[in-house]
Amino acid sequence: AKNQGRNRYHYFTESMQQQAHYRMRLIQDLRQAVESSAFELNYQPIVELSSGKITKAEALIRWYHPQRGQVPPAQFIPIAEDTGLIFPIGNWVFQQAVKQSADWRERLGVEIQISVNKSPVQFRDEGVRFQEWLQTLQQLPGGGICIEITEGLLLDTNIAVSEKLLSYRDAGVQVSLDDFGTGYSSLAYLKKFDIDYLKIDQSFTKNIDVDASNQTLCEAIIVMAHKLGMKVIAEGVETQQQAEILKRIHCDYAQGYFYSRPVSSSEFEQRFLDAKRP
Ligand code: C2E
Ligand code: CA
Ligand code: CA
Ligand code: CA
């Protein structure tokens, strides 16, 4: 039995070693990807439910690794956060999104607000970059960019979150609260912050058409959010039935595979903006 235990232990450490090795390689590759700008942004349309119009898009980062293929952001963003690489990556995402919004506006005459995910690590510690970003934004009219933050950030008492959000607001940036419902903040608490949109997490939208309690929950969130002056975006909408229910319970916007997966900027343009060309 003792021997078996030792073997198991051995096996365990070996796999931990493998994991650590894999992680180290990924960090190296990520560093290189940052240097060679090996990233791309995909865009997923956000649909206004009352009109069916696409007025917004969420920018989602993509990394195509020459050997590994596509590495999902859920895998490399946490590593980027641990290593500080999130700063150059986040900066690139932001610059790229501002450029894209300005390009669609100038070339096609359409106003598409682009939503950018902002890592809490970056938000906490962006220092001088912050002023740079406000500068970058001056090439856009107000409302061209929205940042998506998560609930955990609002509970962080070490940083002056509301002041920072105010400076963004002054620069014409709107703010979304991402993954709402998965954290701990209450709706009443959100009143303290200037938040424009609540994004209801996919785990709630997922079963809205089969689970009555999920529907009740979404309905309550929407009513309260509206009373507090926020609009609501439902994430992860995959079926027409889900979209119809959300519209019926007065959800403002919807986003999900039912409308489109995240696509390249040229595909987004072809599929969703061509008809709007003047
Ligand atoms: P998120 O911000 O909650 O983004 C939504 C995720 O759900 C995206 O995954 C999107 O492709 C996926 N999704 C959209 N519609 C549906 C649907 O109908 N069904 C299902 N099952 N999934 C749907 P993705 O692109 O893999 O991104 C995962 C996470 O990685 C994001 O979650 C976000 O937290 C992070 N992320 C992505 N891009 C960036 C970025 O540029 N910066 C930072 N800091 N984080 C990013
Ligand atoms: Ca998001
Ligand atoms: Ca989300
Ligand atoms: Ca998420």
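Start at 1 with the first residue, then count along the sequence. Just follow the structure's listing: the first ligand is 1, and inside any ligand the first atom is 1.
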query = Would you say Glu58 touches ligand 1, if touching means a heavy atom closer than 4.0 Å?
reply = yes
key: For Glu238, atoms of ligand 1 separated by under 4.0 Å from a heavy atom   = 17 (C), 18 (O), 19 (N), 20 (C), 21 (N)
ask   = Contact between Pro72 and ligand 1, counting heavy atoms under 4.0 Å?
value = no
note = CG of Asp125 to CD1 of Ile86, rounded to nearest 0.5 Å, is 12.5 Å
query = Salt bridge or not for Glu111 and Lys56, using N-O below 4.0 Å?
reply = no
message = Which label fits Tyr168 and Trp133: parallel for a plane angle under 30°, tilted from 30 to 60°, or perpendicular past 60°?
response = tilted
request  = Of all the heavy-atom pairs spanning Ile195 and Met230, show the shortest one and how long it is.
outcome  = O-CG, 3.2 Å
query = Among Gln202, Gln44, Gln255, which residue places a heavy atom closest to atom 12 (C) of ligand 1?
reply = Gln202
task = Could you tell me which atoms of ligand 1, counted from 1 in the order shown, lie closer than 4.0 angstrom to a heavy atom of Asp179?
result = 3 (O)
request  = Output the list of atoms in ligand 1 that are nearer than 4.0 Å to some heavy atom of Val237, sorted by atom number.
outcome  = 18 (O)
note = A student checking ligand 1 against Ser119 at a 4.0 Å heavy-atom cut-off should list atoms 44 (N)
ask   = In terms of side-chain geometry, is the basic nitrogen of Arg169 or Asp196 positioned less than 4.0 Å from the acidic oxygen of its partner?
value = yes
ask   = Does any N, O or S atom in Ser176 come within less than 3.0 Å of the Ca ion (ligand 2)?
value = no
inquiry  = Any atom of ligand 1 sitting under 4.0 Å from a heavy atom of Arg62?
reply    = yes
message = Could you list the cluster mates of Met24? Members are the ILVMFWY residues connected by side-chain heavy atoms closer than 4.5 Å, either directly or through other members.
response = none
inquiry  = Check for me whether Pro262 has a heavy atom closer than 4.0 Å to any atom of ligand 1.
reply    = yes
query = Quick one: angle Asp179 OD1 - the Ca ion (ligand 3) - Glu235 OE1, to the nearest 10°?
reply = 100°
message = Quick check: of its N, O or S atoms, which one does Asp178 have closest to the Ca ion (ligand 3)?
response = OD1
ask   = Of all the heavy atoms in Glu235, does at least one lie under 4.0 Å from an atom in ligand 1?
value = yes
task = Output all residues satisfying salt bridge (charged side-chain N to carboxylate O under 4.0 Å, His left out) with Glu267, sequence neighbours left out; order by chain, then residue number.
result = Arg271
